[in-house]
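Take a look at the structure below.
From a predicted model like this one, the values you see are computed outputs, not experimental measurements.
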Amino acid sequence: MESVQGFLPILLIFVVAYFFMIRPQMKRQKDEKKFASDLKKGDKIITKSGLYGKVVELNDKDLSCVIETMAGRLKFDRSAISMEMSKKLNAPAAPAKK
């Protein structure tokens with residue numbers, strides 16, 4: 001019985017680490033993968049490096065996309081597109097306060 005009580009704090013640390021660190025990271029990865037697979041032509045996006053553009057072509061073979069920017073067309077891997085910043089870009093603007 002005493003040996004079980006000795007392992008209880010260690011087990012509790014692993015459970016807490018799972019629910020506060022590992023599980024949220026797995027959910028985030030799942031959401032990012034879904035976002036990348038749901039991209040379609042015409043979507044306005046921002047890459048993780050801060051490049052703004054619009055999706056003009058998607059390639060499912062190598063999971064890349066071509067984005068049109070003011071500088072021309074560039075080919076990027078879908079994982080280089082920022083989910084958070086792209087969602088903020090496409091979110092409707094809040095009404096201005098008077």
Side-chain angles (χ1 to χ4, degrees):
M1 188 68 172
E2 292 174 9
S3 63
V4 173
Q5 289 177 343
F7 286 115
L8 193 61
I10 295 172
L11 183 63
L12 185 62
I13 290 172
F14 281 115
V15 169
V16 168
Y18 175 78
F19 281 107
F20 286 107
M21 292 191 290
I22 299 169
R23 190 166 179 239
Q25 182 65 26
M26 289 171 44
K27 184 181 182 311
R28 181 181 168 91
Q29 287 175 344
K30 182 181 171 185
D31 290 345
E32 284 185 4
K33 190 174 183 178
K34 184 178 181 334
F35 172 77
S37 67
D38 289 346
L39 280 175
K40 58 188 179 300
K41 291 181 183 179
D43 285 349
K44 292 181 181 177
I45 54 102
I46 303 175
T47 63
K48 290 181 181 176
S49 61
L51 187 71
Y52 288 68
K54 183 172 76 171
V55 177
V56 292
E57 185 181 324
L58 295 166
N59 187 347
D60 291 330
K61 205 178 277 188
D62 62 354
L63 296 177
S64 66
C65 64
V66 176
I67 0 182
E68 186 173 15
T69 64
M70 294 188 72
R73 291 181 177 205
L74 302 167
K75 185 175 183 177
F76 278 91
D77 192 36
R78 290 187 198 181
S79 64
I81 298 170
S82 172
M83 179 179 68
E84 292 87 19
M85 293 193 304
S86 296
K87 284 185 177 181
K88 285 180 186 176
L89 177 69
N90 293 316
K97 293 183 180 179
K98 292 183 180 179

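A pairwise comparison of heavy atoms in Ser64 and Lys75 identifies OG-CE, 3.1 Å as the closest pair. Looking at every heavy atom in both residues, Leu58 comes nearest to Leu39 through CD1-O, 3.2 Å. When all heavy atoms are compared, the tightest approach of Gly53 to Ile67 is C-CG2, 3.9 Å.
To the nearest 0.5 Å, atoms OG (Ser82) and CD1 (Ile46) are separated by 7.0 Å. The distance from the CD atom of Gln25 to the CE atom of Met21 is 11.0 Å, given to the nearest 0.5 Å. Note that the CZ atom of Phe76 and the CG atom of Leu51 stand 5.0 Å from one another [nearest 0.5 Å]. Within the model, atoms CD of Glu84 and CZ of Phe35 stand 9.0 Å from one another, a figure rounded to the nearest 0.5 Å. For the atom pair Met85 CE and Ile45 CD1, the distance stands at 9.5 Å (nearest 0.5 Å). Here the CD atom belonging to Glu32 is positioned 9.0 Å from the OG atom belonging to Ser79, to the nearest 0.5 angstrom.
Surrounding NZ of Lys48 are more than 12 heavy atoms belonging to other residues, nucleotides or ligands, all under 6.0 Å away.
One hydrophobic cluster, built from ILVMFWY side chains closer than 4.5 Å, cannot hold both Ile13 and Val16; they sit in different ones. There is a path of hydrophobic side-chain contacts, each under 4.5 Å, that joins Val15 to Ile22.
A salt bridge between Arg28 and Asp31 is absent, with no side-chain N of the basic residue lying under 4.0 Å from a carboxylate O of the acidic one. Between Asp60 and Arg78 there is a salt bridge, since at least one side-chain N of the basic residue sits less than 4.0 Å from a carboxylate O of the acidic one.
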| request: Would you sort out whether Phe7 and Leu11 count as a side-chain contact (heavy atoms from CB on, under 4.5 Å), showing the intermediate values? | output: CA-CA 6 Å; Phe7 286 115; Leu11 183 63; 5.6 Å; no
